Amino acid sequence: MSKKVFESKPALWAEKISAAEAAYQSYYNLIDETRESYKLASAGLSSSLKVGSACSIFWSGIETQKPFLYFKQPKPCVDRINKNYSPAEALACRLMERLLAWDLSRFDFDSVAKYARNDFLISGCGILWESYKPEFTTVLDEQNHEVLVKTGEKVVSEYVDPKNFLADTDHVGIWEDVTWVARKHFLSAKALLEAFASSPALLAVPVADDDCYKEYCVYEIWDKEDKKVRWWCKDFPDAFLREVGDPLGLENFFPCPKPVFATQSNDSIIPVPDFCMIKADLEELSGVIDRMSLTMKALKVTGAYDSSFPHLADILNKDVSLVAVQDFDKLKSAGGLKGIVDFMPVEQYISALQALALRRDDIIENIYRITGISDIMRGTSSQSETATAVKQKTNFGTLRNQDRQNDMQRFLCDLYALKAEIICEQFAPEHVLSFVSPEEKNDAALVQAAVALLKTDKMRNMVLSIETDAVFDQEAEASQISAAVKSVSQLIQDAFQIVSAQPALLPLYQLMAEALTASMPKSRSFESVLSKVFDDVARDLAQPEASSSNSSSPVSKPQAASPQQPSFSDQLKLMELRNTYELEKEQNALKARELALKEKSENVKLILADKDFRAEALKLQAEAQKSAPSKA
């Protein structure tokens with residue numbers, strides 16, 4: 001089949017955009033249905049959808065998973081791939097961490113990340129877009145001409161609605177095959193003219209800036225093959241509104257990381273929302289709930305009575321009532337009220353409600369099994385369950401959702417790496433230098449080397465990770481950290497005894513200690529300290545050799561006595577003594593507080609006893625005054 005030939009680039013992209021929108025249209029419809037179900041359930045409103053009565057179950061599952069995936073802004077951590085890095089490389093890593101932290105503080109990143117998380121859970125796709133935002137001001141030059149001067153800059157993470165996102169779908173099965181991405185901007189006539197005032201497309205087809213009701217959809221297209229960014233609008237199909245070369249200079253070109261997707265297959269990048277997996281169960285659950293509601297309405301006291309006793313018609317209108325009956329003997333002969341009043345049976349309604357309730361519970365349990373939300377995660381475990389059963393359910397819920405949590409963290413880490421790459425590429429060296437501390441400025445050559453490294457090497461030899469508190473079982477993490485700390489401490493003590501006799505074994509023990517530390521959660525804070533400890537040990541072991549060589553040299557001269565550095569064993573003993581001192585100090589403080597409380601309690605008792613004594617004395621005095629006149 002011959003390949004279709006297009007007369008111009010805009011015509012080619014008009015065809016690509018139309019084909020992609022046709023492929024995405026069914027997904028857009030699913031987003032609308034899913035969002036309607038979620039919003040109506042959160043507002044407690046009824047829905048016109050078949051799952052209307054069961055929307056609250058879907059909403060509850062989403063709310064349960066939200067904090068598990070993301071609930072706190074992670075901290076960026078930058079390190080070199082090669083651990084044996086130079087001082088300039090170490091300073092470059094520190095500068096990048098400060099730049100990222102500063103840039104994240106310039107806007108509400110936490111809210112933007114939660115927007116993407118919510119879209120991931122509800123719509124099946126979370127997307128964020130990085131934009132470089134320079135800030136300019138107008139000043140006058142020497143010839144009194146107005147010129148723009150850059151006064152600031154930042155990299156902003158922007159939320160993109162999945163309904164406004166498009167990507168290459170032509171023979172694309174996985175994200176790595178995507179050659180272009182696009183986002184939609186909806187602009188008024190005035191905004192369109194301000195953004196693309198000099199565009200030939202707008203000059204050819206004039207736009208009335210007073211048309212406040214007209215909205216234009218502008219496609220921002222990032223073409224990876226041509227390394228160009230184009231803005232195109234269907235209302236002006238014959239030309240691009242703007243076309244520029246690679247504006248950011250990124251390694252992967254795209255200004256967005258790989259989105260965080262829900263269910264996907266390897267033959268399409270268009271995801272399937274989780275709502276589709278439980279839609280049939282939600283529809284059945286909605287029917288069961290509606291039937292239960294109708295059965296409850298039908299379940300009421302209904303009966304008939306003998307018309308010769310009209311006074312009994314209102315006997316059920318009050319909680320407790322006595323009705324006057326004229327012919328009471330006839331009532332007694334008929335067998336009392338049971339003989340003249342009969343009620344409609346309700347046993348069949350009660351049985352139907354019980355059956356419906358059982359089916360409702362089975363459907364809800366099946367929904368939770370499909371979504372992987374265990375009852376432990378929902379906080380509804382039974383008191384009769386054993387600890388082993390509770391642990392198994394916890395592990396089940398955690399493992400089922402661990403992959404999604406990892407994907408969310410991958411998404412945030414890629415986003416930070418993209419932001420860091422834009423900072424290295426676009427930020428002015430003067431701006432980067434402003435993040436150097438006063439102590440670091442003392443070594444000007446080191447600072448210049450670090451800044452040059454960021455501008456030339458960028459993030460190629462750096463690894464960026466994140467530290468996040470998104471841990472499901474925080475108690476287990478604390479136990480893991482405590483056990484690892486004890487293991488490392490014991491290993492260091494054993495290593496010192498062996499390495500003192502065999503110094504050649506020091507690198508082996510250092511490697512084992514680093515491996516133990518790496519297995520700890522949030523191990524980064526321990527790594528630099530651990531490296532310094534082993535460097536000190538190596539220096540202490542080398543001191544006897546250096547001193548012996550100096551003393552044996554015939555040309556050695558007497559030097560001024562330098563303070564002797566404490567050995568590693570002395571440092572351990574000193575740390576132990578400090579810990580013992582702090583513990584005894586806390587114990588003494590506790591004892592002092594106990595004594596103060598006892599003393600205060602005794603004082604209160606004395607005050608109360610004194611008040612009781614005075615009250616008794618006043619009472620006796622009053623009685624004596626009463627008896628005195630009578631005697632007189």
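These numbers were taken from a predicted model, which means no experiment stands behind them.
Lys9 has its side chain out of reach of Glu243: every pair of non-hydrogen atoms, C-beta onward, lies at least 4.5 Å apart. At a threshold of 4.5 Å between non-hydrogen side-chain atoms, the residues Lys228 and Val244 do not count as touching. At a threshold of 4.5 Å between non-hydrogen side-chain atoms, the residues Trp102 and Leu100 do not count as touching. With contacts defined as side-chain heavy-atom distances shorter than 4.5 Å, the pair Tyr38/Asn118 does not qualify. Residues Asp223 and Asp226 are in side-chain contact: their nearest non-hydrogen atoms beyond the backbone lie under 4.5 Å apart. Counting only heavy atoms from C-beta outward, the side chains of Phe186 and Asn164 approach each other to under 4.5 Å. The shortest side-chain heavy-atom distance between Val155 and Ser131 does not fall under the 4.5 Å cut-off. Between Trp13 and Trp180, the closest side-chain pair of non-hydrogen atoms falls below 4.5 Å.
Thr151 and Glu135 share no donor-acceptor pair across their side chains, judged by distance under 3.5 Å alone. Using modelled atom types and a 3.5 Å distance limit, the side chains of Lys419 and Ser157 yield a donor-acceptor pair. A donor atom on one side chain and an acceptor atom on the other are found under 3.5 Å apart for Tyr159 and Asp119. Counted by atom type alone, Glu33 and Asn29 present zero donor-acceptor pairs between their side chains at under 3.5 Å. For Ser199 and Arg242, the side-chain atoms include no donor-acceptor pair closer than 3.5 Å.
In plain terms, the two heavy atoms of Ile370 and Ile278 that are nearest each other are CG2-CG2, 3.7 Å. The nearest pair of heavy atoms linking Ser60 to Tyr368 is OG-OH, 3.9 Å. Ala116 and Ile127 get closest at one heavy-atom pair: CB-N, 4.2 Å. Heavy-atom minimum distance, Leu412 versus Ala113: CD2-CB, 4.2 Å. Of all heavy-atom pairs between Lys441 and Val436, the closest is CE-O, 3.4 Å. Pro271 and Ala262 get closest at one heavy-atom pair: CB-N, 4.2 Å.
A donor-acceptor pair is defined here as one N or O able to donate and one able to accept, closer than 3.5 Å; such a pair exists between the side chain of Thr371 and the backbone of Ile367. Using a distance-only test at 3.5 Å, with no hydrogens or angles considered, a donor-acceptor pair links the side chain of Gln426 to the main chain of Pro247. Judged purely by atom type and a 3.5 angstrom limit, Ser434 uses its side chain to pair as donor or acceptor with the backbone of His431. Side chain of Asn252 to backbone of Phe254: no donor-acceptor contact under 3.5 angstrom is found. Here the side chain of Gln264 pairs a donor or acceptor atom with the backbone of Ile269 at under 3.5 angstrom. Ser123 contributes no side-chain N or O that, together with a main-chain N or O of Cys125, makes up a donor-acceptor pair within less than 3.5 Å. Gln405 contributes a side-chain N or O that, together with a main-chain N or O of Phe68, makes up a donor-acceptor pair within less than 3.5 Å. Put simply, the side chain of Lys66 never gets that close to the backbone of Gly61: no donor and acceptor are under 3.5 Å apart.
We find that Arg183 and Glu158 are joined by a salt bridge, their nearest charged nitrogen and carboxylate oxygen being less than 4.0 Å apart. Comment: Arg410 engages Asp414 in a salt bridge, judged by a side-chain N to carboxylate O separation of less than 4.0 angstrom. A salt bridge is defined here as a Lys NZ or Arg NE, NH1 or NH2 lying under 4.0 Å from an Asp or Glu carboxylate O, and Lys133 with Asp103 fails to meet this definition. Between Lys39 and Glu36, none of the side-chain N atoms (NZ, or NE/NH1/NH2) sits under 4.0 Å from a carboxylate O, so this pair counts as no salt bridge. Ionic pairing of Asp110 and Lys72 is not present here: no N-O contact between side-chain nitrogen and carboxylate oxygen is shorter than 4.0 angstrom. Taking the charged nitrogens against the carboxylate oxygens, Arg404 and Asp274 do have a contact shorter than 4.0 Å, which makes a salt bridge. Contact check on Glu215 versus Lys184 returns no salt bridge, with no Lys/Arg side-chain nitrogen under 4.0 Å from an Asp/Glu carboxylate oxygen. Glu21 has a carboxylate O that lies under 4.0 Å from a charged side-chain N of Lys234, or vice versa, which qualifies the two as a salt bridge. Looking at Glu130 and Lys154, no side-chain N of the basic residue comes within less than 4.0 Å of a carboxylate O on the acidic one, giving no salt bridge.
A distance below 6.0 Å separates the ring centres of Trp222 and Phe253. Taking the ring centroids of Phe109 and Tyr416, they lie under the 6.0 Å cut-off.
For Tyr132, the OH atom sits in a packed shell: over 12 heavy atoms of surrounding residues, nucleotides or ligands are nearer than 6.0 Å. Within a 6.0 Å radius of CG in Asn442, more than 12 heavy atoms belonging to other residues, nucleotides or ligands are found.
One distance of note links CG of Asp168 with CD1 of Ile221; it measures 11.5 Å at 0.5 Å rounding. The distance from atom CD of Gln448 to atom CG of Leu433, rounded to the nearest 0.5 Å, is 5.5 Å. Summarising the geometry, atom OH belonging to Tyr27 is positioned 10.5 Å from atom NZ belonging to Lys163; distances are rounded to the nearest 0.5 Å. Atoms OG1 and CG, on Thr64 and Leu69 in that order, are 11.0 Å from each other to the nearest 0.5 Å. Rounded to the nearest 0.5 Å, atoms CZ (Arg117) and OH (Tyr70) are 8.0 Å apart. Atoms CG and OG1, on Leu121 and Thr34 in that order, are 12.0 Å from each other to the nearest 0.5 Å.
Relative orientation of the Tyr216 and Phe236 rings is parallel, given thresholds of 30° and 60° on the angle between their planes.
Taking Glu176 as the reference, nothing meets the salt bridge (Lys or Arg N to Asp or Glu O under 4.0 Å) condition, with sequence neighbours excluded.
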field: Intermediate values then yes/no, side chain to side chain contact (heavy atoms under 4.5 Å, CB included), Val181 and Trp175
entry: CA-CA 11 Å; Val181 296; Trp175 177 258; 3.8 Å; yes
- prompt: Which is it for Val218 and Phe196 under the side chain to side chain contact (heavy atoms under 4.5 Å, CB included) test, yes or no, and what are the steps along the way?
  reply: CA-CA 11 Å; Val218 178; Phe196 307 99; 4.2 Å; yes
field: Trace of the side chain to side chain contact (heavy atoms under 4.5 Å, CB included) decision for Lys455 with Cys424
entry: CA-CA 5 Å; Lys455 300 299 291 184; Cys424 291; 5.7 Å; no
- request: Just do the side chain to side chain contact (heavy atoms under 4.5 Å, CB included) check on Phe165 and Trp129 with the steps written out, would you?
  value: CA-CA 11 Å; Phe165 178 79; Trp129 198 281; 4.3 Å; yes
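Considering Glu439, Glu89, Glu440 in turn, Glu440 is the only one that fulfils the salt bridge (Lys or Arg N to Asp or Glu O under 4.0 Å) rule with Arg94.
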